[in-house]
Structure formats: C-alpha cells, structure tokens
Amino acid sequence: MNRWEQLTGGGSGERYAARFAELADQGEDVHGEARFCAALVPPGSRVLDAGCGTGRVLSRLARLGYDGVGVDQDASMLAVARRGAPELTWLEADLSAFDPAAAGVTAGFDLVVAAGNVFPLLTPGTEAAVAATLARALRPGGLLVAGFGLDRAHLPVPPALTLADYDAHCTAAGLTLTDRFATWDADPYDDGGYAVSVHRR
Ligand SMILES: C[S@@+](CC[C@H](N)C(=O)[O-])C[C@H]1O[C@@H](n2cnc3c(N)ncnc32)[C@H](O)[C@@H]1O
C-alpha cells in the first residue's frame, strides 16, 4: 500500500478536488505546476502526469494546448479526473510497474511531471523503480519535473526521502539534474523544505 493510501484510505478524491476548488475560489494560485511545465516545453508537447490524482495539472496543461496521459493508483482521484476531462487518457496503474506499451500508450513523452508530493507518498522502497519507470517513459532529452516536500512542514507524512536519495535514483535511471528551485514560481533553491527538481534524460 502506498503512503497516500495509508494516509487517506484511498477514497479522498472528492475531498481533494473540493479543497483545490475552494483555494481557487479564494483567489489562490492553483496552476503554478502547469505554468512551470508550460515554460519548459511548447504547446503540443506530450506530458505524462505521474501520480496525476484528480488530474488538476494535466487538465490545465490540456487547456493550454498540451497532449497527455495521467496515471494514478487511486480510483477515487481518477474518477474526478475522468469526470473533469473525459477527453484525456487516465490510467489506473502503479507507477513502480507502469509499462506504457502494455497500457496501449506510446512512450517518448516530452515531459513527465510528478507534482503534489508524489515521490514521498510512494510505497517506501519503490522510489528507484518509479524513477526508472518515469525515465523510460521519456524521449531522449525529455524532462522529469518533480516537486515535493522534504520536512514535516511541507509534507502530510513524516519525511523519508531526501533530495540526495531522489537524485541518486534519478542518476541510476539515466537522468541528469538540470535545475532545482524552491517553488513552482522558479524561486532559487535555498536548502529549504520544498524543492522542484528538473532532470533530463
Ligand atoms: C497528493 S496526491 C497529488 C496528486 C496530483 N499530482 C496533484 O498534484 O494534485 C499524490 C498522488 O500520488 C498517487 N500515488 C502514490 N503512489 C503511487 C503509485 N505507486 N502509483 C501511482 N500513483 C501513486 C496517489 O494515488 C495520489 O493521487
């Protein structure tokens, strides 16, 4: 069982979507992740939203002219994604064993995004396998973008994954760190409790 499922019981899709809708209603910026990705690759690029949840990042990117696929293990989250953007491809799968071809999806994505603490919420011990899956899904030169918390203030669970661990998994998967920021607005990374990392295949 992954840490997200342990935390939520696997039925939190509607609650998660409602929380973001409320933030948007309050005028909060809820599209930072999509904006960040859109600054890296042009419209028309193919994006894999890894741990897509309710699909909020990929749905936004699709409205900006991107094409893509969302993958998540939580059926309650995917139900919201499918309802909101039925024209997109949403797959229920475990990222540690995800094989695009077997799922009928062409690999060679231009960008893979893992937003919203996906890596710290994986089943402990599967981080290397997930990094390898995501690297394989990219075209040569494609980008893996992952944003996640590193301390208790930025995570809904006790921290277990360090940036050094994450970088080591990415390196083992054939990826090279190209950039690291403190926020989705690309503020410089400051050794703080949240990082947005960009690796290139
Ligand atoms: C906090 S949610 C983030 C959702 C979305 N990326 C966002 O930013 O709104 C974390 C997601 O990671 C997913 N997840 C965790 N482990 C997974 C795995 N092994 N395979 C697929 N999805 C996974 C969970 O189901 C959950 O939807």
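Just follow the structure's listing: the first ligand is 1, and inside any ligand the first atom is 1.
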Kindly say whether L58 contributes a backbone atom to a donor-acceptor pair with the side chain of D49 at under 3.5 angstrom? yes
Is there any salt bridge (Lys or Arg N to Asp or Glu O under 4.0 Å) pair reaching into residues 31-45, and which pairs are they, with sequence neighbours excluded? D29-R35, E33-R56, R35-D185
Minimum side-chain heavy-atom gap V157-Q6 below 4.5 Å: no
Going by the side-chain contact (heavy atoms from CB on, under 4.5 Å) test, name the single residue among L61, V145, L48, L144 that passes it with L111. V145
Report all protein residues having a heavy-atom distance below 4.0 Å to some atom of ligand 1; order the list by chain, then number. N2, W4, Y16, G51, C52, G53, R56, D72, Q73, D74, M77, A93, D94, L95, A115, G116, V118, L121, L122
Given 3.5 Å as the limit, does a donor-acceptor pair link the side chain of D72 with the main chain of T54, or not? no
Nearest heavy atoms of A34 and V57, plus distance in Å: CB-O, 4.0 Å
